[in-house]
Amino acid sequence: MLTIYGCPNSRSLRAVWALEEAGAEYDYVFVDLFKGAGRAPEFLTINPGGKVPALRLDDDSIITETGAIALWAAEHYPTADLLPADPTERAQAWRWLCFGLTELDQPLWTIAKHRFALPEKRRVPAIEDTARWEFEKAAALLAARLDDTPWLAGEHFSIADIIASHCLAWAKSAKLSLEGSTLPAYLERCLARPAAQRALAREAAAKGKAQ
């Protein structure tokens, strides 16, 4: 049985969502990052970086990083079509997956780090203005792509959409505006997917059970 280590309101939703889209069976272990569980010695043996998600495979090996877990799910459950079979669409899925991880996620994480995640003496509040500008530039490119095609890869939903839409949801929770109608509508479509709703419910249930 696969085991995912996660925490609601973190990037772990991406991994759980990918597993739900894939139809995988897995256990969920709640790691309460907000109470320091990520730094507990027993969790650091799973991920020395102290972050979620982490995925324990059937052979007891560990995968971390949301992009890697999503790609693993796509490759090990090919019938879920999380990476399109068409070569052109597959290339676009790779492209926008990398874009989400490098151009959308990065400024959002910078904002989060300097608001609360870093030790207070390491925070530079003034950096948020630049990070917001970076996110807005990246979001405009994402919107332009989605003005031309229903999903980032083309006609088919892919793991690129999981990463990108999660970043948009993160931006909303961080009180960043999503300009125009394209991105809010896309986010709504993504989160309305049954697998996304199951992932949200799975994380909430795991947290509730642990408390």
Side-chain angles (χ1 to χ4, degrees), residues 1-83 93 97 100-101 104-105 108-109 112-113 116-117 151-152 157-174 187-211:
M1 177 71 75
L2 303 171
T3 301
I4 190 80
Y5 299 84
C7 179
N9 300 316
S10 77
R11 294 184 184 94
S12 66
L13 178 65
R14 304 172 184 178
V16 179
W17 185 354
L19 293 176
E20 288 290 345
E21 291 279 358
E25 294 186 6
Y26 61 95
D27 287 330
Y28 187 107
V29 175
F30 172 51
V31 180
D32 195 343
L33 297 181
F34 302 100
K35 292 185 177 179
R39 298 186 297 275
E42 57 269 25
F43 184 69
L44 292 176
T45 65
I46 296 166
N47 182 5
K51 298 179 182 179
V52 296
L55 178 65
R56 186 185 297 277
L57 304 182
D58 294 335
D59 63 3
D60 220 32
S61 61
I62 300 291
I63 302 176
T64 64
E65 309 305 322
T66 55
I69 293 171
L71 283 165
W72 182 91
E75 291 183 348
H76 282 75
Y77 297 88
T79 59
D81 294 326
L82 290 174
L83 281 174
L97 173 69
L101 293 169
L104 294 172
D105 186 287
L108 292 171
W109 181 224
K113 284 188 293 185
F116 61 85
W151 302 108
L152 290 173
F157 179 88
S158 73
I159 53 175
D161 296 296
I162 293 176
I163 301 300
S165 61
H166 180 267
C167 285
L168 296 180
W170 185 2
K172 283 188 66 176
S173 71
L187 175 59
E188 184 176 354
R189 279 193 296 124
C190 287
L191 292 181
R193 291 178 67 84
Q197 291 299 305
R198 291 196 302 271
L200 287 163
R202 187 70 181 267
E203 290 213 309
K207 180 179 180 181
K209 184 177 179 180
Q211 292 179 338

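Quick note: numbers below take in every heavy atom, side chains included, and nothing from hydrogens, waters or symmetry partners. Please read all numbers here as calculations on a predicted model, not as lab measurements.
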Inset, instruction - Take Lys172 and Leu187 through the side-chain contact (heavy atoms from CB on, under 4.5 Å) test and state the conclusion after the steps. - result: CA-CA 10 Å; Lys172 283 188 66 176; Leu187 175 59; 3.6 Å; yes
[atom1] of [X] to [atom2] of [Y]: how many Å apart, nearest 0.5 Å?
X: His166; Y: Leu168; atom1: NE2; atom2: CG; value: 10.5 Å
X: Thr79; Y: Asp81; atom1: OG1; atom2: CG; value: 7.0 Å
X: Lys51; Y: Ser10; atom1: NZ; atom2: OG; value: 11.5 Å
X: Leu152; Y: Cys190; atom1: CG; atom2: SG; value: 7.5 Å
X: Lys207; Y: Tyr28; atom1: NZ; atom2: OH; value: 10.0 Å
X: Ile159; Y: Glu21; atom1: CD1; atom2: CD; value: 11.0 Å

Inset, instruction - Could you give me the CA-CA distance, side-chain angles and deciding distance for Leu2 and Asp58, then say whether side-chain contact (heavy atoms from CB on, under 4.5 Å) is met? - result: CA-CA 6 Å; Leu2 303 171; Asp58 294 335; 4.0 Å; yes
Inset, instruction - Please determine if Arg193 and Asp161 form a salt bridge, counting it only when a charged side-chain N lies under 4.0 Å from a carboxylate O. - result: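 Result for this pair is no, no salt bridge flagged.
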Where do [X] and [Y] come nearest, in terms of heavy atoms and distance?
X: Leu82; Y: Ala18; result: CD1-O, 3.8 Å
X: Leu44; Y: Gly38; result: CD2-O, 3.4 Å
X: Gly50; Y: Phe43; result: C-CE2, 3.8 Å
X: Phe30; Y: Ala206; result: CB-O, 4.0 Å
X: Asp60; Y: Arg56; result: OD1-NH1, 3.0 Å
X: Ala54; Y: Thr64; result: CB-CG2, 4.1 Å

Inset, instruction - Quick one: sort the Trp109 and Trp170 rings into parallel, tilted or perpendicular, breaks at 30° and 60°. - result: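 Tilted.
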Side chains of [X] and [Y]: does their closest heavy-atom pair fall under 4.5 Å?
X: Asn47; Y: Ile62; value: no
X: Leu19; Y: Leu55; value: yes
X: Tyr26; Y: Glu20; value: yes

Legend entry - Whether over 12 other heavy atoms sit under 6.0 Å from Glu188 CD: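 Atom CD in Glu188 is not crowded, with 12 or fewer foreign heavy atoms closer than 6.0 Å.
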Inset, instruction - Please say whether more than 12 non-hydrogen atoms of neighbouring residues, nucleotides or ligands are located less than 6.0 Å from CG in Asp27. - result: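 Result for CG/Asp27: enclosed.
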Legend entry - Donor-acceptor under 3.5 Å (Arg14 side chain, Thr66 main chain):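 Looks like no, no N/O pair under 3.5 Å.
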Legend entry - Under 3.5 Å donor-acceptor, Ser12 side chain and Cys7 backbone: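 Yes: the side chain of Ser12 pairs with the backbone of Cys7.
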Inset, instruction - Under the side-chain contact (heavy atoms from CB on, under 4.5 Å) rule, what do Ile162 and Phe157 come out as? Steps first, then yes or no, please. - result: CA-CA 9 Å; Ile162 293 176; Phe157 179 88; 3.6 Å; yes
Legend entry - Test log, rule side-chain contact (heavy atoms from CB on, under 4.5 Å), inputs Leu97 and Leu71: CA-CA 10 Å; Leu97 173 69; Leu71 283 165; 3.9 Å; yes
Inset, instruction - Please say which of Ile69, Ile163, Asp105, Val52 ends up in a side-chain contact (heavy atoms from CB on, under 4.5 Å) with Arg11. - result: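 Result: among Ile69, Ile163, Asp105, Val52, Asp105 is the only option passing the side-chain contact (heavy atoms from CB on, under 4.5 Å) with Arg11.
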